Amino acid sequence: QVQLVESGGGSVQTGGSLRLSCAVSGDTYSTKWMAWFRQAPGKEREGVAGIKAAGGTTYYADNVKGRFTISQDIAKNTVYLEMNSLKAEDTAMYYCAASNRVLISRTALVDNLYHYWGQGTQVTVSS
């Protein structure tokens, strides 16, 4: 079992920045990929960014490339999502997820390939 706890959400103005954190505990050795997903009211959940647990390969959704950066601190068992140049359409509940599968990059943002999920942290971007 893997436990995930997100933090760092909040309200920010358009163009602002936030850094989300995901604290990982439990059977971290079985984790192959970590990712951030988000879900806005009335919309389907979408993948934002993923990172390979060993090696650091990253993958991003097109609509956040160049603005968001996913990273990990292995010593702290924490995954981060640095979000810059935030837009109103980035408003959503953001979830951290972990997968025990060996994924290839283009599948890193497929939500049904992830086994463990956090409770989410809300990000609200307003003008």
Side-chain angles (χ1 to χ4, degrees):
Q1 294 290 321
V2 174
Q3 293 79 43
L4 307 172
V5 179
E6 303 97 334
S7 61
S11 296
V12 64
Q13 290 190 324
T14 302
S17 299
L18 281 174
R19 188 177 79 158
L20 306 183
S21 299
C22 174
V24 186
S25 61
D27 184 17
T28 59
Y29 291 103
S30 64
T31 299
K32 301 294 189 298
W33 275 81
M34 298 290 301
W36 288 93
F37 291 80
R38 67 186 183 187
Q39 188 167 21
K43 295 187 177 181
E44 292 187 356
R45 185 165 57 192
E46 65 170 343
V48 175
I51 186 166
K52 189 175 180 181
T57 300
T58 57
Y59 190 78
Y60 295 91
D62 288 342
N63 56 1
V64 305
K65 277 181 184 177
R67 300 189 299 121
F68 289 13
T69 302
I70 188 170
S71 62
Q72 59 185 348
D73 186 327
I74 295 174
K76 294 183 178 180
N77 282 336
T78 302
V79 176
Y80 303 99
L81 184 68
E82 184 76 35
M83 304 185 295
N84 298 312
S85 301
L86 283 162
K87 306 175 182 179
E89 52 263 42
D90 295 317
T91 294
M93 184 71 78
Y94 283 71
Y95 298 92
C96 180
S99 176
N100 295 340
R101 295 176 182 265
V102 177
L103 306 176
I104 56 175
S105 292
R106 66 175 181 267
T107 62
L109 301 184
V110 176
D111 60 357
N112 62 11
L113 297 180
Y114 284 80
H115 306 86
Y116 304 103
W117 293 82
Q119 293 300 307
T121 185
Q122 177 68 37
V123 171
T124 303
V125 184
S126 58
S127 56

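Computed from a predicted model, the values in this text were never measured in an experiment.
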query: What do the steps show when you test V2 against H115 for side-chain contact (heavy atoms from CB on, under 4.5 Å), and what is the final call?
result: CA-CA 9 Å; V2 174; H115 306 86; over 6 Å; no
V24-W36 co-clustered via ILVMFWY side chain contacts under 4.5 Å: yes
- request: Anything under 30° is parallel, anything over 60° is perpendicular, the rest tilted; go ahead and classify F68 against Y94.
  value: tilted
- prompt: Taking all atoms of both residues into account, what is the closest heavy-atom pair of L4 and Y116, and its distance?
  reply: CD1-O, 3.4 Å
- prompt: Does any non-hydrogen side-chain atom of Q122 lie less than 4.5 Å from one of T91?
  reply: yes
- request: Sequence neighbours left out, what passes side-chain hydrogen bond (donor to acceptor under 3.5 Å, both in side chains) with R45? Give chain and number order.
  value: D111
task: Quick one: pull up CE in M34 and OG in S71 and give me the separation to the nearest 0.5 Å.
output: 11.5 Å
- prompt: Among all residues two or more places apart in sequence or in another chain, which pass the side-chain hydrogen bond (donor to acceptor under 3.5 Å, both in side chains) test with N77?
  reply: none
message: Would you say V12 ends up clustered with L81 if hydrophobic residues are merged whenever their side chains have heavy atoms under 4.5 Å apart, either directly or through other cluster members?
response: yes
Test salt bridge (charged side-chain N to carboxylate O under 4.0 Å, His left out) applied to D27 - qualifying residues, sequence neighbours left out: none
- prompt: A92 and A40: which non-hydrogen atoms are nearest, and at how many Å?
  reply: CB-N, 3.8 Å
- prompt: Under 4.5 Å between side-chain heavy atoms, hopping through other hydrophobics if needed: is there a path connecting I70 to F37?
  reply: no
- prompt: NZ of K32: more than 12 outside heavy atoms within 6.0 angstrom?
  reply: yes
- prompt: Would you say Y95 and V79 are hydrophobically clustered, going by side-chain heavy atoms of ILVMFWY under 4.5 Å?
  reply: no
message: If you count every heavy atom of other residues, nucleotides or ligands that lies below 6.0 Å from E89 atom CD, does the total exceed 12?
response: yes
- prompt: Taking the side chain from E6 and the backbone from C22, do they hold a donor-acceptor pair closer than 3.5 Å?
  reply: no
Considering all heavy atoms, the nearest K43-Q39 contact: O-NE2, 3.1 Å
query: Which pairs count as side chain to side chain donor-acceptor pair (under 3.5 Å) when at least one residue sits in residues 46-69, sequence neighbours excluded?
result: R38-E46, D62-K65, R67-D90
Let me have the donor-acceptor pairs involving side chains of residues 96-108, under 3.5 Å, with sequence neighbours excluded, atom names and distances please.
{"unit_1": "S99", "atom_1": "OG", "unit_2": "R101", "atom_2": "N", "d": "3.0"}
{"unit_1": "S99", "atom_1": "OG", "unit_2": "L113", "atom_2": "O", "d": "2.7"}
{"unit_1": "N100", "atom_1": "OD1", "unit_2": "S30", "atom_2": "OG", "d": "3.4"}
{"unit_1": "T107", "atom_1": "OG1", "unit_2": "I104", "atom_2": "N", "d": "3.2"}
{"unit_1": "T107", "atom_1": "OG1", "unit_2": "I104", "atom_2": "O", "d": "2.7"}

task: Please name all residues satisfying salt bridge (charged side-chain N to carboxylate O under 4.0 Å, His left out) with D73, sequence neighbours left out, ordered by chain then number.
output: none
task: Examine V48 and L18 and state if one hydrophobic cluster contains both, with Ile, Leu, Val, Met, Phe, Trp and Tyr joined whenever side-chain heavy atoms are less than 4.5 Å apart.
output: yes
- line: For S21 and T78 the tightest heavy-atom approach is CB-CG2, 4.2 Å
statement: Tightest non-hydrogen contact, residues N84 and S17, listed as OD1-OG, 2.8 Å
query: Minimum heavy-atom separation for A35 to Y114, with atom names?
result: CB-OH, 3.4 Å
